[in-house]
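Source: prediction; values computed, not measured. Computation of the quantities below employed the complete heavy-atom set of this structure, encompassing side-chain atoms and omitting hydrogens, waters and symmetry-equivalent molecules.
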Amino acid sequence: MSFLSATLARVKPSPTIAVSTKARELKAAGKDVIGLGAGEPDFDTPQNIKDAAKAAIDRGETKYTAVDGLPELKKAICAKFKRDNGLDYEPAQVSVGAGGKQILYNALMATLNPGDEVIIPAPYWVSYPDMVLLAGGEPVFVEGRMEDGFRITPEALEAAITPKTKWFIFNSPSNPTGAGYTRAQLKALTDVLMKHPHVHIMSDDMYEKLTYGDFEFCTPAEVEPGLYDRTLTCNGVSKAYAMTGWRIGYAAGPAPLIKAMGKIQSQSTSNPSSIAQWAALEALNGPQDFISENNAVFQRRRDMVVEMLNQAEGIDCPVPEGAFYVYPSIAGCIGKTTPAGVKIENDEVFATALLEEKGVAVVFGAAFGLSPNFRVSYATSDEALKEACTRIQDFCASLS
Ligand SMILES: Cc1ncc(COP(=O)(O)O)c(C=O)c1O
């Protein structure tokens, strides 16, 4: 009898972690490596948020809290949904967990039975399929092609829905592409979902605040109020408030689902850190002006990276609407050979050769379910980005 569970065998190790491990090994061996794999802002958490955490410690807010969140924080989350998304929620419809990741995981664990299907647009955040598998469900992928701006079509969504579909996971702006759906594009999808009342919608709005230019964020329950009763709207403070290490995510949705998610959390981790919850409260209720300041920096970097990557031979890089990623195609490099004699057969070989021959760490597209591409995170300094893009240009020019 195997010691490790059969469930675990359904899951693969994270390919993004594999890339960072390899980059770390090369760095430790003295190689000059630039990492473009980070999924977190390089900005520090704003001072008012840190101060709120310190004050919470000094007040003695160091005990267990309600399992799925402090009442004060739930109230602030309800106010945020009203203010930003025009959505009305009661505190009993809100759950707070240790990061957006735990929230999504709780929801899947609380609802999936063997054979239940979950529709995931590809390219996708690496954790969605494996979380579905861990919870006993079956991921069903719908491809958002590069020529469609990495967005799925309503026809493709319709075709993927079966009687076994339990959830549709929606993520805009997206990790890994940065692609965002306009209101009209999202409405076309919600029109399809309205025809299938057994399908629930998990909207992962983690990158809501990180959008550029005149792109306007929207979320399914707001675009189609008819979906309110079967939508879980998920969000968190990790990306917008540069708080990845604090581990606070939240969601709002139907009260019975929220209660079920709390039950899972009560038998696993209990409440997220009391101190981090008080910090998140300040993040949501406090000044928001640094977000647009940070976004101006992100937008400048995005534009520089897109321009420099498009100057690289064989690379085609679309301009994304948000997040801090770009997802260029390397179709023009496939079949070529590197100076070290490696034939670029796919995006994984491209990323490995780029790391070994030029010291630039990116994540290959197959990890996110759409090839031949790679993901660049531009949440790093302008200098590092410029140097990395120059190296990518040199690498592409050296291919024959
Ligand atoms: C699309 C998406 N959802 C959720 C998360 C999880 O966020 P958290 O760090 O709050 O768990 C991430 C983090 O990378 C993400 O990219």
Side-chain angles (χ1 to χ4, degrees), residues 16 20 35 37-59 61-62 65-66 68-81 83-85 94-106 125 127 171 173-175 178 203-212 217 219 233-252 265 269-298 301 322-325 377-381:
T16 45
S20 32
E40 59 184 346
D42 54 322
F43 306 119
D44 197 5
T45 305
Q47 193 57 45
N48 62 308
I49 298 174
K50 292 184 185 176
D51 290 343
K54 291 179 194 165
I57 295 174
D58 291 341
R59 283 200 313 276
E61 308 274 11
T62 53
T65 72
D68 65 353
L70 287 162
E72 293 86 342
L73 179 54
K74 287 190 174 192
K75 220 172 118 198
I77 290 166
C78 292
K80 175 261 174 276
F81 278 123
R83 181 174 70 234
D84 295 345
N85 312 111
V94 172
S95 190
V96 183
K101 203 174 222 174
Q102 187 178 23
I103 287 292
L104 299 166
Y105 189 74
N106 285 346
W125 180 43
S127 292
N171 176 222
S174 139
N175 178 2
S203 186
D204 181 354
D205 299 352
M206 193 54 76
Y207 294 94
E208 166 180 22
K209 299 287 181 189
L210 304 181
T211 63
Y212 313 114
F217 172 84
T219 191
T233 305
C234 308
N235 212 315
V237 295
S238 296
K239 315 283 173 168
Y241 301 94
M243 291 178 70
T244 45
W246 298 75
R247 311 307 303 133
I248 296 292
Y250 56 84
Q265 194 157 298
T269 59
S270 286
N271 63 276
S273 153
S274 58
I275 298 148
Q277 288 189 71
W278 286 105
L281 177 72
E282 171 63 19
L284 294 179
N285 285 351
Q288 306 286 307
D289 33 312
F290 66 91
I291 294 179
S292 55
E293 287 160 24
N294 289 357
N295 283 359
V297 174
F298 277 143
R301 290 177 183 167
F324 37 69
Y325 310 106
S377 161
Y378 54 84
T380 190
S381 75

Q.
What I'd like to find out is whether the side chain of Phe298 reaches to under 4.5 Å of the side chain of Asp42, using heavy atoms alone.
A. yes
Q) Does a donor on one side chain sit under 3.5 Å from an acceptor on the other, for Lys80 and Asn285? A) no
Q) Yes or no on side chain to side chain contact (heavy atoms under 4.5 Å, CB included) for Val297 and Phe43, after CA distance, side-chain angles and deciding distance? A) CA-CA 10 Å; Val297 174; Phe43 306 119; 3.9 Å; yes
Q) Less than 4.5 Å apart, any side-chain heavy atom of Tyr250 and any of Asn235? A) yes
Q: Would you please classify the geometry between the Phe324 ring and the Tyr378 ring as parallel, tilted or perpendicular, with 30° and 60° separating the classes?
A: perpendicular
Q) Does some side-chain heavy atom of Glu208 sit less than 4.5 Å from a side-chain heavy atom of Asn85? A) yes
Q. Would you say the side chains of Asn106 and Gln265 form a donor-acceptor pair under 3.5 Å?
A. yes
Q. Lys75: what forms a salt bridge (charged side-chain N to carboxylate O under 4.0 Å, His left out) with it, not counting sequence neighbours?
A. none
(Q) For a quick check under 3.5 Å, do Asp205 and Thr219 share a side-chain donor-acceptor pair by atom type? (A) yes
Q: Applying side chain to side chain contact (heavy atoms under 4.5 Å, CB included), run through Met206 and Trp125 and close with a yes or a no.
A: CA-CA 11 Å; Met206 193 54 76; Trp125 180 43; over 6 Å; no
Q: Examine distances only and state if a side-chain atom of Gln288 and a backbone atom of Gly286 form a donor-acceptor pair shorter than 3.5 Å.
A: yes
Q: For residues Phe217 and Tyr207, establish whether the separation of their ring centroids is below 6.0 Å.
A: no
